[in-house]
Amino acid sequence: MVENPVAGVVRVAVDAPQHSGLNGPLDYASEQALASGSLVRVPLGKRELLGVVWPGDAVSEPEVALRPVAAVFSVLPPLGADWCRLLDFAAGYYQRSVGELASAVLPPQLRELSPDQLAARLRKLEKKPAKAAATKPVKPELAPEQAQAVARIEAQLGEAAPKPVLLFGVTGSGKTEVYLRAAEAALAAGRQVLVLVPEINLTPQLEARFTERFAALLPEPLAIVSLHSALTPAQRLQNWLAAHLGRARLVLGTRLAVFASMPELGLIVVDEEHDPSYKQQDGARYSARDLAVWRAHDLKVPVVLGSATPSLESWQHAESGRYERLTLAARIGGGALPRVKLFDMKALPPSAGVTTALTAPLLAELKARLARGEQSLVFLNRRGYAPVLHCGECQWKSDCPHCSAWRVFHKRDRTLRCHHCGFTERVPQACPNCGNHDIAPIGRGTERLEEQLAEALPGARVLRIDADSTRRKGELEAQLKAVHDGEVDILVGTQMITKGHDFRRIRFVAAVNPDGALFSSDFRAPERLFALLMQAGGRAGRDAAGESPSEMWVQTWHREHALYQALARHDYVRFARDQLAERQSAGLPPFAHLALLRAEARTVEAAKAFLAAAADLMQDDGVLVYPPVPHAVARVADVERMQMLMEASQRGRLQACLRAWVPELIALKREHKAVLRWAVDVDPLAI
Ligand code: ADP
Ligand code: ZN
Ligand code: ZN
């Protein structure tokens with residue numbers, strides 16, 4: 001551990017908000033020499049905050065009167081130099097202060113506890129009872145492609161500078177088994193393993209699988225822990241401490257776990273690496289996937305990025321040879337990928353009400369599956385009953401008074417709810433504008449689809465799973481169990497049910513209204529749609545032992561679209577090639593690097609003025625600055641949101657430019673009092 005050179009003065013990373021103008025670590029006086037990485041409490045203004053003694057030289061002269069460190073958490077070993085490097089890199093790259101980032105990613109309870117209280121927590125950790133002895137797990141024999149992939153990753157564990165691995169495996173090809181074997185090898189070598197998953201919902205399932213496999217190998221309490229935001233603060237601190245102390249050998253978590261302190265980290269796995277939820281959407285807008293790659297590179301340990309539909313960024317790295325691609329082309333057990341039927345909505349007779357999502361042929365197919373006792377999944381990426389209520393007399397629509405968005409009609413609790421600001425009201429008895437009693441829903445969400453399915457297929461057991469049906473703790477687990485246990489005939493849901501779940505009985509998947517994303521202004525929309533549909537389709541036919549072929553049914557008005565054509569052939573490679581060619585000719589990522597400056601204000605003019613002034617301060621021909629435009633949902637909770645895109649062909653150029661620019665923006669903000677918030681988003685996902 002490096003001692004701070006000047007005994008008496010220490011640098012401390014503390015959450016002094018960047019916008020206050022204070023940036024790097026601050027100097028404090030300390031009676032004892034403190035190792036970098038030590039957790040401390042320090043005064044800042046009138047408050048006392050958690051801080052981390054930071055590596056590097058203090059800038060203050062010894063004679064300057066500094067405020068003293070208030071307390072030292074000496075019961076805890078200091079955070080490692082590698083952890084500090086990760087934070088330094090992430091803070092620099094995403095343009096935040098290191099103290100702010102540290103405070104955001106350390107367990108929240110650390111901020112509240114005194115050193116004595118923390119010592120008590122540590123004693124409690126020591127006293128965790130051992131678990132009951134576990135039986136030896138049964139490991140399946142690896143399929144040849146799995147064996148090859150595992151062998152490569154095992155070999156990497158001994159390499160001096162392993163390349164990131166892109167594990168490109170179709171749905172059901174047994175990627176998780178590869179993670180398990182790779183983890184086993186790293187654990188056997190005495191290293192800690194970090195496994196990231198995109199959704200909290202997927203952590204219990206994954207935890208169960210890892211625990212089943214490793215309980216015998218890792219019998220100590222807290223040897224396998226999870227880290228995600230749904231844990232109680234006490235659990236999160238406990239699990240974080242276990243990782244930091246090296247007791248947890250295996251850490252499973254969502255994006256925030258990429259910052260776990262793991263002194264013996266030897267392998268990182270990022271499952272479903274393409275998933276947008278790896279990107280944090282506020283504060284430090286980091287990409288956990290990208291940081292995982294950085295961290296592995298820094299530590300010279302292997303990182304495995306797994307997906308059936310890799311992000312185009314990762315795919316391009318594999319193409320260029322920066323990543324090592326390992327492919328699992330076959331499903332385990334020889335199950336075929338579902339046949340994709342592109343159902344042409346234009347072919348329906350116009351009289352038959354073609355706007356309806358439940359077309360007669362689809363219903364017939366569902367009925368046939370039902371008669372054979374098979375499970376089906378109907379996917380619609382819109383929750384609620386209907387996206388908008390409408391008055392036929394005066395054309396009133398249920399808009400949100402605070403946002404530029406409609407309020408969604410939720411029938412079960414008879415509310416109109418804004419999905420952006422949360423504003424909720426009881427559904428009016430009559431049109432609030434003209435008093436007409438006949439106000440009707442337009443369009444369809446999962447709630448309405450569920451109702452229509454139940455009506456059209458009497459006797460069928462229909463279950464809906466989405467953010468609304470799973471609000472209470474334990475609901476999702478119970479609902480998934482019902483699906484697995486065969487108590488459900490037709491599962492209706494949003495993208496929540498398309499991800500990761502190893503449903504064994506589903507043989508038919510229908511996407512009833514996916515076209516919207518084809519014409520989005522966001523250049524990443526096709527990539528997301530393709531991944532979503534491939535994942536949804538991937539829920540079907542995971543068990544080869546069904547008698548009828550499994551099928552995915554896509555209802556579209558645009559059958560000929562290249563995206564659907566590639567989907568019909570399960571041809572990710574072709575899709576990626578087409579998309580990358582388009583991106584290259586349009587100068588878009590991964591061939592260019594982007595950052596967004598976002599500004600929020602009470603008026604459009606104020607937000608625009610700030611962005612325009614900011615653009616004037618940007619002095620670099622290597623960075624192209626686009627004019628400010630409104631956010632896709634321009635107004636939320638009475639705040640106007642504008643954004644300005646910056647593009648550069650070189651990442652380093654953009655980074656250098658942002659580094660010089662952000663301090664100027666802090667000063668600029670003081671002149672623009674009407675601006676409520678601003679933020680830089682590096683490598684933004686949604687444009
Ligand atoms: P993916 O993550 O690629 O979609 P999974 O890892 O969920 O696929 O594997 C699909 C199913 O195949 C799981 O039920 C898993 O237990 C099983 N499986 C994986 N590898 C093997 C193997 N080598 N032999 C038998 N079953 C396997
Ligand atoms: Zn009306
Ligand atoms: Zn609203």
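Every number for a ligand or one of its atoms is a count from 1 in the order of the listing.
Remark: at the Zn ion (ligand 2), atom SG from C434 and atom SG from C394 enclose 110°, rounded to the nearest 10 degrees. With the Zn ion (ligand 3) as the vertex, SG of C418 and SG of C403 span 110° to the nearest 10°.
In terms of modelled atom types and a separation under 3.5 Å, the side chain of K279 and the main chain of R285 share a donor-acceptor contact. For R417 (side chain) and T424 (main-chain N/O), no donor-acceptor pair under 3.5 Å exists by modelled atom type.
A salt bridge is defined here as a Lys NZ or Arg NE, NH1 or NH2 lying under 4.0 Å from an Asp or Glu carboxylate O, and R152 with E324 meets this definition. Under a 4.0 Å N-O distance rule, the pair R577/E319 does not qualify as a salt bridge. A salt bridge links E313 and R524; the closest N-O separation between the charged side-chain nitrogens and carboxylate oxygens is under 4.0 Å.
Sorted by chain and number, the residues within 4.0 Å of ligand 1 by heavy atom are P140, E141, L142, A143, Q146, V170, T171, G172, S173, G174, K175, T176, E177, R209, I332, D502, R504, R542.
If you look at Y385 and H410, their ring centroids are not closer than 6.0 Å.
Residue H402 does not count as close to the Zn ion (ligand 3), with no N, O or S atom under 2.8 Å. At a cut-off of 2.8 Å, H420 does not coordinate the Zn ion (ligand 3) through any N, O or S atom. Here H419 does not reach the Zn ion (ligand 3): none of its N/O/S atoms is less than 2.8 Å from the metal.
Around the CD atom of E477, the shell of radius 6.0 Å holds more than 12 heavy atoms that belong to other residues, nucleotides or ligands.
Closest of all the heavy-atom pairs between R255 and Q280 is NE-OE1, 2.8 Å.
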